[in-house]
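Each chain gets a letter, A, B and so on, in the order its sequence line appears, and its residues count up from 1. These numbers were taken from a predicted model, which means no experiment stands behind them.
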Amino acid sequence: MKNLYFSFNHTIYTYILKAVGILLFITLISHLLREHLDIINIALIHIIPVVIIAIHGNIKATFFITLLSVVFFNFLYIPPIYSFKVHNELYIWSFIIFAIVGWIITVQAKNLYTQTKQNEMRESLLNIISHDLRTPLSTIIGTTNLLLSNNNIDKNSIKNLLEDVNYASLRMKRLITNILDSTRLSSKSIDLKFDWCDFEDLVGVAIEEFSDKQKDELLEIKIDDLPLYWGDNILLKQLIINLLDNAFKYSKNNTKVTLKIISFGDGVKIEVFNQSNHIDEAKLKNIFDKFYRLEDTNDISGSGIGLSICKSIVGLHGGSIKATAVNEGILIEAKLPIVKKAALI
Amino acid sequence: MKNYLIQIVEDDPSVKKLLEITFREYEFNHISCESKKNAMMLFLSHNPDLLIVDLGLSDGDGKEFIKQIREISKIPIVVLSARHDEKEIILALDAGADDYITKPFSVNELLARIRANLRRITSDATLSSKIVCGEIEIDLASRSIFFKKEQLKLTPIEYELLKYFLLNTNKTLTHQQILKEVWGVGYQSEMQYLRTYVNTLRKKIEQNSTRPNYIKTESGIGYRFCCNG
């Protein structure tokens with residue numbers, strides 16, 4: 001819903017301008033033809049801008065344009081003309097009807113918009129299932145069939161093949177967790193379990209999810225001395241896992257990923273950095289959108305669902321997250337404000 | 001090594017098969033059943049050394065079975081759960097289970113947990129005032145704890161916490177259990193005490209506190225004190 005709100009805010013001025021333009025145009029036309037048109041037709045014409053704005057689904061904008069429309073109509077056509085006085089109370093009713101029409105259309109437009117959004121989500125989800133789950137699944141099916149039908153494979157190859165199966169199933173497991181998390185996070189009834197969190201502990205649990213090679217050779221960790229943090233343990237763990245998973249996926253071969261937990265002012269900052277081939281700064285803005293994935297990285301398994309979950313988790317803690325290109329790599333910073341301070345024991 | 005007898009209570013055929021093959025390969029004796037009703041009969045007639053119980057059984061909740069067993073026996077119980085729901089796991093642990101593992105699980109992890117839990121019952125038998133775990137040694141009589149042969153300087157609460165861990169090694173302890181046992185009734189929700197003391201204890205006995213060897217975190221559930229060897 002937040003996204004919806006932002007997109008409205010973004011375009012609100014453009015379409016209000018558009019509507020005011022139409023209103024002026026309509027007023028001009030009806031003013032010129034006022035001799036030939038009945039007052040009722042002029043009223044109907046004046047509802048056009050209301051309808052146009054209402055389609056965008058913003059109730060405030062709708063009422064604003066309704067008011068404007070009614071003011072114009074009243075001032076120019078309702079006797080006494082060129083005044084805001086209204087003699088016949090029937091016209092008051094017309095104003096109310098204007099507003100009701102606007103309101104009905106706004107509500108409908110909103111519903112429609114949510115539905116379209118949901119359909120888009122459903123479609124992306126299907127895409128994920130068809131591509132990202134099928135890729136590891138085909139590895140599993142292919143490899144097990146091979147092992148079952150062929151008895152002459154040497155032990156080393158068997159071990160290699162089984163490792164592939166193992167890796168593929170782990171990827172599937174993580175993806176399924178992410179899909180479930182993301183539906184949980186996007187439903188409104190999420191129940192946050194706020195409690196005291198120890199970042200050292202969270203990082204320790206999070207890195208257990210990664211392979212020994214990643215843990216021992218490819219990861220550098222720096223954690224400031226921090227007091228306990230008031231947040232949701234499970235979600236913050238998932239945040240760190242997803243940030244690291246993303247960094248490992250997109251880092252240049254065998255370069256180190258850095259994880260820093262930094263104390264600043266009245267908050268905690270989680271920084272994850274990985275080296276990467278050149279990345280367009282403009283594209284970085286979108287990487288937290290659901291199901292967005294950098295275009296030129298099609299061969300990497302992953303759905304872009306991980307970072308959108310990060311954004312939701314940070315949002316639920318009242319913080320902000322951003323990605324920037326620095327030193328030939330990507331730096332993701334998640335800032336979490338401190339809402340409750342731990343008493344000293 | 002003695003041949004232990006493990007009883008499997010699991011209604012999913014593929015998981016049961018996987019467990020049976022694993023136990024045969026690793027030379028554990030095993031008996032298995034699918035329902036709560038048969039489980040009790042089998043338990044009474046065979047007297048196994050360890051129980052593996054699936055939480056979602058077709059004829060009722062595995063937790064009730066755990067409670068019934070706990071009334072008559074101290075046998076180690078490892079819960080197998082498809083649910084990633086911490087609440088369910090905590091309830092099972094509070095009902096008397098010693099450990100848990102969630103599906104999908106790796107066989108190595110399961111075996112490690114089984115071995116650790118079997119080890120605990122054998123060490124229980126030789127109850128003495130001294131417990132050794134890796135490089136940590138506690139002398140209950142003199143209330144002192146040694147780490148790498150040197151006496152650790154601990155505050156009274158740190159001592160109580162570490163003692164509780166050492167008396168319950170390789171067992172998953174819920175936050176509530178620890179708080180109740182170490183701090184006392186009424187402190188069950190004081191998570192910040194527990195987090196703070198675990199943090200300071202780790203600084204004293206772990207080489208790297210983000211990669212702990214002894215005090216492992218079970219996310220959303222509690223801690224387990226690992227003691228291998």
Does atom [atom1] of [X] have more than 12 heavy-atom neighbours, drawn from other residues, nucleotides or ligands, at distances under 6.0 Å?
{"X": "Tyr187(B)", "atom1": "OH", "result": "no"}
{"X": "Lys180(B)", "atom1": "NZ", "result": "no"}
{"X": "Glu217(A)", "atom1": "CD", "result": "yes"}
{"X": "Lys159(A)", "atom1": "NZ", "result": "no"}
{"X": "Asn150(A)", "atom1": "CG", "result": "yes"}
{"X": "Tyr26(B)", "atom1": "OH", "result": "no"}
{"X": "Lys260(A)", "atom1": "NZ", "result": "no"}
{"X": "Lys256(A)", "atom1": "NZ", "result": "yes"}

When rounded to the nearest 0.5 angstrom, what is the spacing between [atom1] in [X] and [atom2] in [Y]?
{"X": "Leu194(B)", "Y": "Trp196(A)", "atom1": "CG", "atom2": "CH2", "value": "14.0 Å"}
{"X": "Leu219(A)", "Y": "Thr210(B)", "atom1": "CG", "atom2": "OG1", "value": "8.5 Å"}
{"X": "Gln192(B)", "Y": "Lys340(A)", "atom1": "CD", "atom2": "NZ", "value": "8.0 Å"}
{"X": "Met191(B)", "Y": "Cys197(A)", "atom1": "CE", "atom2": "SG", "value": "8.5 Å"}
{"X": "Glu208(A)", "Y": "Ser219(B)", "atom1": "CD", "atom2": "OG", "value": "11.0 Å"}

If the threshold is 4.0 Å, N to carboxylate O, is there a salt bridge linking [X] and [Y]?
{"X": "Glu200(A)", "Y": "Lys203(B)", "value": "yes"}
{"X": "Asp195(A)", "Y": "Arg195(B)", "value": "no"}
{"X": "Lys216(B)", "Y": "Asp201(A)", "value": "no"}

Would you mind telling me which of Leu202(A), Ile223(A), Ile221(A), Asp216(A) has the largest number of heavy-atom pairs within less than 4.5 Å of chain B?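 Of the options given, most contacts go to Asp216(A).
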Picking from Ile207(A), Asn166(A), Asp232(A), which has the most non-hydrogen pairs under 4.5 angstrom with chain B? Ile207(A)
Going through the distances and angles, do Val198(B) and Asp198(A) end up as a side-chain contact (heavy atoms from CB on, under 4.5 Å)? CA-CA 10 Å; Val198(B) 166; Asp198(A) 176 2; 6.0 Å; no
Using non-hydrogen atoms only, which part of Lys215(A) is less than 4.5 Å away from chain B: side chain, backbone, both, or neither? both
